[in-house]
Amino acid sequence: MAALPASASELHASQICLAIRAIPRGATRSYAAVARAAGIPGRARLVARVLARTDQIVPWHRVVRADGRIAFPTDSAHFVEQIEKLRSEGVVLKNGKVVRSNSLDARLWG
DNA sequence: AGAATGACAGGAA
DNA sequence: GTTCCTGCCATTC
């Protein structure tokens with residue numbers, strides 16, 4: 001039995017978590033793309049809020065900003081951690097930004 | 001109730 | 001190509 005959502009946002013949070021888990025290994029998606037996959041286009045900031053609050057196990061490191069940049073400050077521990085995980089999955093990073101040259105992934109971004 | 005904040009995005013300079 | 005400013009939405013003070 002699913003728990004009763006205390007608010008509409010928590011219902012979306014579930015969808016957001018699923019959308020993030022659906023990201024293939026070695027691929028990255030923008031917050032807007034995740035929001036869109038979750039059925040709430042335009043709520044990119046809501047995705048960020050959910051990631052910051054949820055205690056669910058999700059590949060949060062695969063979610064980056066629209067320009068491919070990491071969402072954390074460069075001096076943050078999270079910043080390094082995210083890069084480490086991405087590189088571990090074969091994601092190529094260029095000057096602190098994610099390089100997306102995969103033809104198939106490029107389509108998924110649209 | 002009003003103002004400030006945040007793991008963002010898009011357009012302009 | 002990068003940097004800065006504004007807009008959006010939900011939560012928090």
Side-chain angles (χ1 to χ4, degrees):
Chain A
M1 303 237 314
L4 280 70
S7 63
S9 296
E10 292 197 8
L11 183 64
H12 291 156
S14 180
Q15 295 298 109
I16 291 170
C17 288
L18 290 175
I20 294 173
R21 285 183 192 151
I23 303 175
R25 187 176 177 284
T28 59
R29 304 286 293 276
S30 68
Y31 288 85
V34 172
R36 202 157 152 158
I40 49 174
R43 282 23 172 205
R45 294 189 97 163
L46 183 59
V47 175
R49 260 213 79 70
V50 170
L51 277 177
R53 257 184 68 78
T54 190
D55 39 358
Q56 301 296 309
I57 305 299
V58 295
W60 57 269
H61 53 276
R62 292 176 192 159
V63 185
V64 296
R65 278 174 82 153
D67 53 2
R69 198 179 159 210
I70 303 298
F72 295 110
T74 54
D75 59 349
S76 176
H78 279 308
F79 179 85
V80 179
E81 183 180 348
Q82 185 166 9
I83 288 180
E84 281 295 309
K85 295 191 178 207
L86 287 174
R87 293 177 98 190
S88 180
E89 295 187 353
V91 177
V92 181
L93 294 165
K94 180 86 171 187
N95 195 6
K97 293 179 192 169
V98 176
V99 178
R100 46 187 184 76
S101 305
N102 304 17
S103 55
L104 193 62
D105 288 349
R107 274 193 296 179
L108 296 174
W109 273 69

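Chain identifiers are assigned alphabetically (A, B, ...) following the order of the sequence lines, protein sequences preceding nucleic acid strands; residue numbering begins at 1 within each chain.
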Novice: Locate the shortest heavy-atom distance separating I57(A) from R21(A); write the atom from each residue and the value.
Specialist: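 Closest heavy-atom pair between I57(A) and R21(A): O-NE, 3.2 Å.
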Novice: Which nucleotide in the list dA7(B), dA10(C), dA9(B) gets nearest to the side chain of F72(A)?
Specialist: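 Taking heavy atoms from C-beta onward, the closest nucleotide is dA7(B).
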Novice: Should the side chain of R45(A) and the base of dC8(C) be counted as holding a donor-acceptor pair, with the cut-off at 3.5 Å?
Specialist: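 Present.
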Novice: What integer distance in Å separates L86(A):CG from dA7(B):P?
Specialist: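 Roughly 18 Å, once rounded to whole Å.
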Novice: Classify A32(A) by what it touches in the nucleic acid, base, sugar-phosphate, or nothing, heavy-atom distance under 4.0 Å.
Specialist: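 Contact class for A32(A): sugar-phosphate only.
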Novice: Rounded off to whole Å, could you give me the CD1-to-P distance for the I20(A) and dA7(B) pair?
Specialist: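 Value for this atom pair: 14 Å.
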Novice: Nearest to the side chain of K97(A) - dA7(B), dC9(C), dT2(C)?
Specialist: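 Per side-chain heavy atoms of K97(A), the pick is dT2(C).
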Novice: Quick one: L46(A) CG to dT11(C) P, roughly how many Å, whole number?
Specialist: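 Distance, rounded to whole Å: 8 Å.
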Novice: Roughly how far apart are I83(A) CD1 and H78(A) NE2, rounded to 0.5 Å?
Specialist: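 It comes to 13.5 Å.
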Novice: Among dA9(B), dA7(B), dG6(B), which is the nearest nucleotide to the side chain of L51(A)?
Specialist: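 Nearest to the side-chain atoms of L51(A), counting from C-beta on, is dA7(B).
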Novice: Rounded to the Å, how far apart are R65(A) CZ and dC4(C) C1'?
Specialist: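 It works out to 12 Å between those atoms.
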Novice: Between P on dC8(C) and CD1 on I40(A), what's the gap in Å once rounded to a whole number?
Specialist: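 Distance, rounded to whole Å: 17 Å.
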Novice: Can a donor-acceptor pair under 3.5 Å be found between the side-chain atoms of R49(A) and the base atoms of dG6(B)?
Specialist: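 Result: no qualifying N/O pair found.
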Novice: Would you mind checking if K85(A) and E89(A) are paired as a salt bridge, meaning a charged N to carboxylate O distance below 4.0 Å?
Specialist: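 Answer for the salt bridge query: no.
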Novice: If you round to the nearest 0.5 Å, how far is CZ of F79(A) from CD1 of I70(A)?
Specialist: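 One gets 6.0 Å once the value is rounded to the nearest 0.5 Å.
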Novice: Send over the distance from I83(A) CD1 to dA7(B) P, rounded to a whole Å.
Specialist: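 In whole Å, dA7(B) P and I83(A) CD1 are 17 Å from each other.
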Novice: Can you tell me how far the CZ atom of R29(A) sits from the CZ atom of R62(A), to the nearest 0.5 Å?
Specialist: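 Atom-to-atom, R29(A):CZ and R62(A):CZ are 11.5 Å apart.
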Novice: What is the distance, rounded to the nearest whole Å, between atom CD1 of I16(A) and atom C1' of dC8(B)?
Specialist: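 So the CD1-C1' distance, I16(A) to dC8(B), works out to 12 Å.
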Novice: Output the single nucleotide from dT12(C), dC8(B), dA9(B) whose closest atom is nearest the side chain of R53(A).
Specialist: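 Looking only at side-chain atoms, R53(A) lies closest to dT12(C).
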Novice: When only distance counts, do a donor and an acceptor, one from the side chain of Y31(A) and one from the base of dA7(B), lie under 3.5 Å apart?
Specialist: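 When only heavy-atom distances are counted, Y31(A) does reach the base of dA7(B) through a donor-acceptor pair under 3.5 Å.
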Novice: For N95(A) and dT2(C), what is the distance between atoms CG and C1' respectively, to the nearest whole Å?
Specialist: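 That distance rounds to 11 Å.
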Novice: Tell me which nucleotide among dA10(C), dA7(B), dA9(B) gets nearest to the side chain of S30(A).
Specialist: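 For S30(A), the side-chain atoms sit closest to dA9(B).
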